[in-house]
Protein chains: 2
Amino acid sequence: MADGYHHGNLRQALIDAGIKIINESGEEALSLRKAAAACNVSHAAPYAHFKDKDELLEAIKKSVTDKFTEDLEDAVKNAGSADEALIAMGRAYISFFSRNPDYFMFLFGKQNISAHLQMNKEDKEDYPPFLLLRKYYKKHLKENGIKLSSEEQEIELIKTWAIVHGMASIACMKGVNTSFDWNEPDVRLIT
Amino acid sequence: MADGYHHGNLRQALIDAGIKIINESGEEALSLRKAAAACNVSHAAPYAHFKDKDELLEAIKKSVTDKFTEDLEDAVKNAGSADEALIAMGRAYISFFSRNPDYFMFLFGKQNISAHLQMNKEDKEDYPPFLLLRKYYKKHLKENGIKLSSEEQEIELIKTWAIVHGMASIACMKGVNTSFDWNEPDVRLIT
DNA sequence: CTCTAATCTTGACAGTGTCAAGTTTGGAGT
DNA sequence: ACTCCAAACTTGACACTGTCAAGATTAGAG
């Protein structure tokens, strides 16, 4: 079933091969033909499963985003309070991209973030990591008895996201050495 | 001089043509051959001025970064206090990338930021926008009579940069609609 | 006025994404 | 059990890419 004319599970195999190539040699190095070759399949075989190179790329992004979201959820699991959860999430966020800087460019560079998430334009912010942030931020407001207008909440939410996302971005700039250990980010950076 | 065998100023012409192509069709669309064609020059002519495609890309990044730095410096000019300067800078930072989202990916995606800035590894943070930030941050500390340890300063500095840079990054994510006007960023987002 | 070194052209090569046309085959419907 | 179709895959081709080698041109130093 795996070595006949039909591969059996080429779609997933191409995604896995793609991730492996990106991990080993960067996004630049990924070509449809190489991914196909890695699956022992002819150069045009991928077109049975993906309309485009972009469509393969989006599938890979989806896969990486899932892994990222899992990391964030794991970080939140052992948190006692919402405040602890938010900090743990921030550190996990930065740590994830610090450990895999290529993924940062891959996920946020180039294309719109919307593509690999099937966002509909009405439902604006269904980016899973952002959903998680929103959830624990609201919990944090409740636990600490803080009352904010929804507009003010929105601002605080974006600010929180921005600082963590900005940290991750900076951590991924190899040229800008900041003497911080981004793998185990200083708590003071986030709070 | 401009239409003979020798172009006269091909190097700069290639940079300009490259920027134009990126502006009109995105980074993907830029090829050495197209840039060469835009300068009415054969496909291998660029190799007299750039060793690589990457070397052209770096030259273009340098050019864009210069424009970006100019914007920040302009924003700071009319500020009365350091506090005002910092806010104006933050807004200009976000506004610049909000107006040219392609540049964000172009400058910060893919390659190390270090390459197009000729950073030496000892002198870590000579990224011009960051230098500007540091300058006005120190002025802010002095004007307000705030005393911080240099370590604490470093943390605050990175946090400030991160929040603004994160905002810019978020503003460039077309999929994540946040209902803010990033062109004229809300002051509350930065402070 | 000469000649060298920088600049540019021409031609070639391997690698890329993509399409069109043909081949194989699992599996549904009889 | 047999047929046959649609999905999966192959083969071959095309235009385009970055890069290099070899040659042509020419500006400008001497």
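Here is the naming used below: chain letters follow the sequence lines, and residue numbers restart at 1 for every chain. Heavy-atom basis, side chains included; hydrogens, waters and symmetry copies ignored.
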Would you find a donor on one side and an acceptor on the other, under 3.5 Å apart, between the side chain of A:N144 and the backbone of A:I146? no
Could you tell me which non-hydrogen atom of B:M89 sits nearest to which non-hydrogen atom of B:L72, and how far apart they are? O-CD2, 3.7 Å
Ring centroid separation for A:F130 and A:H165, is it under 6.0 angstrom? no
In whole angstrom, give the distance that lies between atom CZ of B:R11 and atom P of C:dA6. 16 Å
Are the aromatic ring centres of B:F68 and B:Y93 under 6.0 angstrom apart? yes
note: B:K51, atom NZ; D:dG18, atom P; distance rounded to Å ~ 14 Å
Do side-chain atoms of B:S98 reach the backbone of B:A171 as a donor and acceptor pair under 3.5 angstrom? no
Between atom CG in B:L10 and atom P in D:dT25, what is the gap in whole Å? 19 Å
Just call it for A:H49: base, sugar-phosphate, or nothing, with non-hydrogen atoms closer than 4.0 Å on any strand. sugar-phosphate
What integer distance in Å separates B:H7:NE2 from D:dA24:P? 24 Å
Take atom CZ of A:F50 and atom C1' of C:dC19, then tell me their distance rounded to the nearest Å. 18 Å
Restricting both atoms to N or O, compile the protein contacts to nucleotides 14-17 of chain D shorter than 3.5 Å, with distance only.
unit_1: D:dT17; atom_1: OP1; unit_2: B:S31; atom_2: OG; d: 3.1

Rounded distance in Å - CG (A:D52) to C1' (C:dT16): 14 Å
With no hydrogens and no angle check, is any side-chain donor or acceptor of B:R91 less than 3.5 Å from a backbone partner on B:P185? yes
From the list D:dT10, C:dC19, D:dG18, which nucleotide is the closest neighbour of the side chain of A:Y47? C:dC19
Whole angstroms only, please: what is the CD-C1' distance between A:Q12 and D:dA8? 17 Å
Does A:H43 contact C:dG15 through a side-chain donor or acceptor facing the base, at a distance under 3.5 Å? no
